[in-house]
Amino acid sequence: MTRTSARRRARGGARPDRSGGAVTQSPWTQVRYRTAPTNVLSTDQIEAIHEASLTILEEIGVKVLDPEARRYLQEAGAKVDHSEEMVWLDRGLVDEKLKLPPSSFTLHARNPERNVQLGDDCAIFASVGGPAFVSDLDKGRRQGTYAEMCDFIKLVQSLNILHQEGGGPFEALDLPQESRHLDLHFAQITLTDKNWQPWGLGADRARDGLEMAAISLGCSREDLIGKPVFTTVINTNSPLQIDGPMGEGLIEMAKHGQPVIITPFTLAGAMSPVTIAGALTQQNAEALSGIVLAQCVRPGTPVVYGGFTSNVDMKTGSPAFGTPEYTLAAQATGQLARRYGIPFRSSNVTASNAVDAQAAYESQMSLWGAMSGHVHLLNQGAGWLGGGLVASFEKLIIDAEMLQMMAAAQQPFEVSDAAIGLDAIREVGPCGHFFGTQHTLERYESAFYTPLVSDWDNYENWSDRGSMDSAQRANGIWKQMLAQYEKPPIDAAIEDQLKDYMARRKQEIHGAAA
């Protein structure tokens, strides 16, 4: 046996078979942290950011465009100027509301076996959500269609490392803008049995998501109260504004006890101070304002602290992602979220416009900050490209590889007499090898992580197979997975109810528009 073939045998078949059976991947499981989080700031520094953010809320205030949101805050004791659409939150009110949300909760999927825990020592990995464009190696960057969007969601279902569909992989621009969220939700519910994210942009869209989720679970919208079924991203409009549609969506979700992810988009030097400390302070003030609003709507409703602080390229003003500053901000945001006892959201992001080395190393930096900061919900976890403007089929697969590796790195390794293997060391002695020992033969199939994309073969074999790089291999993998996709079972009556609801709402929406 040659050294190369022996090494491959010992790794249990390092290269997944691309030509025959199913793609080799890690099994479905919830990711749990086995190591302590990284604390980049001292307790005093975290308190300094906390106190400064409270000063912002008390003295500078937040512009809240939705009148109902201002009413909820005013009734809770906030100072409100309706003519200027301004709200000021005193420290006592903020402290009171921060005591209400839970530190963890269960997200219920259509398939109960896909339920996941959000918070404590658990992490959820979600796919990319929201880009304007789609790309792959075959057709390049382009406007997406509904059929392509469905293909992307099928891959999210097929990838075991992904726990949640992230809110629509990209816009289906062949559908009317006013109603395409209905088609998206139908695809999310029927093409996957995992947890999914709805749109929270406006009260009507939020209600549609709630209604369709309730239909999928065979219950009423009111029955969802106390049973979290999805997370909804609510972005503040940095600096220091909660716009109308986002405020409406937050209120509608909170009324039904559904978790909202309050996420400021604080780009240091552009929409927030140029320093990391200043950007984090503004991020914290904006996140707290949304968290307080959710608790004013329904005390105890689950919330997630969303961190998305990064920097810009000061030469062009373009957002930069996966930078050292992004990593440090994610780690510090994890500390702030733990200070409040609230689950933490971060993202896997890159500014690269191609599935190349830059995309990989910036994503790895993003993942490092998120995982070492003990992220509970990794949004945009797989497929993000081009600063968030593009959802990439190849990047989806490469990110899945990185997420599998991150999850595997959280698994403790065995330390026992059997694992140490003194008998094998005695058997081999000096100058031998361990390929044929009983200790190796009993363990080689499961001893090491098996990659999804990486090619560990020698140069000659790699060259004989076409010298494919990682993006080209990922292209073949997603096509194979799509060909082997199996739609998860769903009751035909439920599917019919969803179609009826969609038809009725489309008539209402387009009839009103006409």
Side-chain angles (χ1 to χ4, degrees), residues 1-38 121 123 125 158-162 357 360-361 363-365 367-368 371-372 382 397-474 476-477 480-481 484:
M1 180 168 59
T2 66
R3 177 176 297 182
T4 300
S5 61
R7 186 187 307 120
R8 195 177 303 127
R9 250 187 81 187
R11 284 173 176 159
R15 285 189 298 106
D17 181 10
R18 309 294 185 221
S19 59
V23 172
T24 301
Q25 58 176 318
S26 300
W28 162 273
T29 187
Q30 177 106 50
V31 179
R32 293 186 178 274
Y33 293 107
R34 309 296 183 184
T35 56
T38 297
D121 65 345
F125 296 155
S158 302
L159 287 163
N160 292 335
I161 194 62
L162 296 179
Y361 62 67
S363 283
Q364 194 71 13
M365 287 291 286
L367 288 175
W368 176 30
M371 297 299 289
S372 62
I397 301 300
I398 291 173
D399 284 337
E401 174 86 281
M402 289 195 285
L403 293 176
Q404 284 190 166
M405 295 175 77
M406 284 290 181
Q410 290 297 325
Q411 295 299 313
F413 58 87
E414 179 187 353
V415 179
S416 64
D417 289 345
I420 290 170
L422 278 177
D423 289 342
I425 297 171
R426 286 193 183 96
E427 177 186 344
V428 173
C431 303
H433 68 76
F434 289 79
F435 291 126
T437 66
Q438 189 63 31
H439 189 266
T440 298
L441 294 174
E442 290 173 351
R443 294 167 172 79
Y444 78 92
E445 291 184 311
S446 59
F448 307 130
Y449 168 79
T450 300
L452 175 64
V453 181
S454 295
D455 188 334
W456 291 347
D457 220 331
N458 62 30
Y459 175 83
E460 289 76 17
N461 289 339
W462 171 76
S463 180
D464 289 344
R465 290 192 302 272
S467 307
M468 290 190 295
D469 62 23
S470 57
Q472 292 169 319
R473 293 194 296 275
I477 293 169
Q480 181 181 342
M481 295 187 83
Q484 295 172 340

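Index from 1, following the sequence.
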Worksheet item: Does Q404 use its side chain to pair, donor to acceptor, with the backbone of P27 at less than 3.5 Å?
Response: no
Item to complete: First locate atom CD of E401, then atom OG of S363, and finally report the distance between them rounded to the nearest 0.5 Å.
Response: 13.0 Å
Discussion item. Tell me the closest heavy-atom pair linking I425 and I420, and the distance in Å.
Written reply: CD1-O, 4.0 Å
Fill in: CH2 on W456 to OG1 on T450, rounded to 0.5 Å
6.5 Å
Worksheet item: When you look at CG of D464, are more than 12 heavy atoms from neighbouring residues, nucleotides or ligands closer to it than 6.0 Å?
Response: yes
Fill in: Side chain S463, main chain Y459, donor-acceptor under 3.5 Å
no
Worksheet item: Among all residues two or more places apart in sequence or in another chain, which pass the side-chain contact (heavy atoms from CB on, under 4.5 Å) test with A36?
Response: none
Item to complete: Go through the structure and list residues passing salt bridge (Lys or Arg N to Asp or Glu O under 4.0 Å) with D423, not counting sequence neighbours.
Response: R426
Discussion item. Using only atom types and a distance under 3.5 Å, with no angle test, would you say the side chain of Q410 pairs donor to acceptor with the backbone of A407?
Written reply: no
Worksheet item: Where is the tightest heavy-atom contact between Q472 and S467, given as atom of each residue plus distance?
Response: OE1-O, 4.0 Å
Item to complete: Could you pull out the closest heavy-atom pair between L441 and G436, with the gap in Å?
Response: CD1-O, 3.6 Å
Fill in: Beyond-backbone contact of H439 with F434, side-chain heavy atoms, under 4.5 angstrom
no
Worksheet item: Among all residues two or more places apart in sequence or in another chain, which pass the side-chain hydrogen bond (donor to acceptor under 3.5 Å, both in side chains) test with Q30?
Response: none
Worksheet entry | Any donor-acceptor pair under 3.5 Å from R473 side chain to M468 backbone | yes
Worksheet item: Got a second to check how far Q364's CD is from D399's CG, nearest 0.5 Å?
Response: 10.0 Å
Worksheet, complete the sentence: Sorted by chain and residue number, the side-chain hydrogen bond (donor to acceptor under 3.5 Å, both in side chains) partners of S26 (sequence neighbours excluded) come out as none
Worksheet item: Is the backbone of I161 close enough, under 3.5 Å, to the side chain of Q25 for a donor and an acceptor to pair up by distance?
Response: no
Worksheet item: What is the minimum heavy-atom distance between E414 and A419, and which atoms define it?
Response: O-CB, 3.6 Å
Practice prompt. Quick one: do V31 and M406 satisfy side-chain contact (heavy atoms from CB on, under 4.5 Å)? Show the steps, please.
Written response: CA-CA 9 Å; V31 179; M406 284 290 181; over 6 Å; no
Discussion item. Measuring only between side-chain heavy atoms, which start at C-beta, is I397 closer than 4.5 Å to M481?
Written reply: yes
Worksheet item: Should L162 and L403 count as side-chain neighbours, where that means a heavy-atom distance under 4.5 Å?
Response: yes
Worksheet item: Do D417 and L422 have side chains that get closer than 4.5 Å, going by heavy atoms?
Response: no
Practice prompt. Go through the structure and list residues passing ring-ring contact (aromatic ring centres under 6.0 Å, His included) with Y33, not counting sequence neighbours.
Written response: H374
Fill in: For A22 against Q480, the heavy-atom pair lying closest together
C-NE2, 4.0 Å
Worksheet, complete the sentence: Sorted by chain and residue number, the side-chain hydrogen bond (donor to acceptor under 3.5 Å, both in side chains) partners of Q438 (sequence neighbours excluded) come out as E442
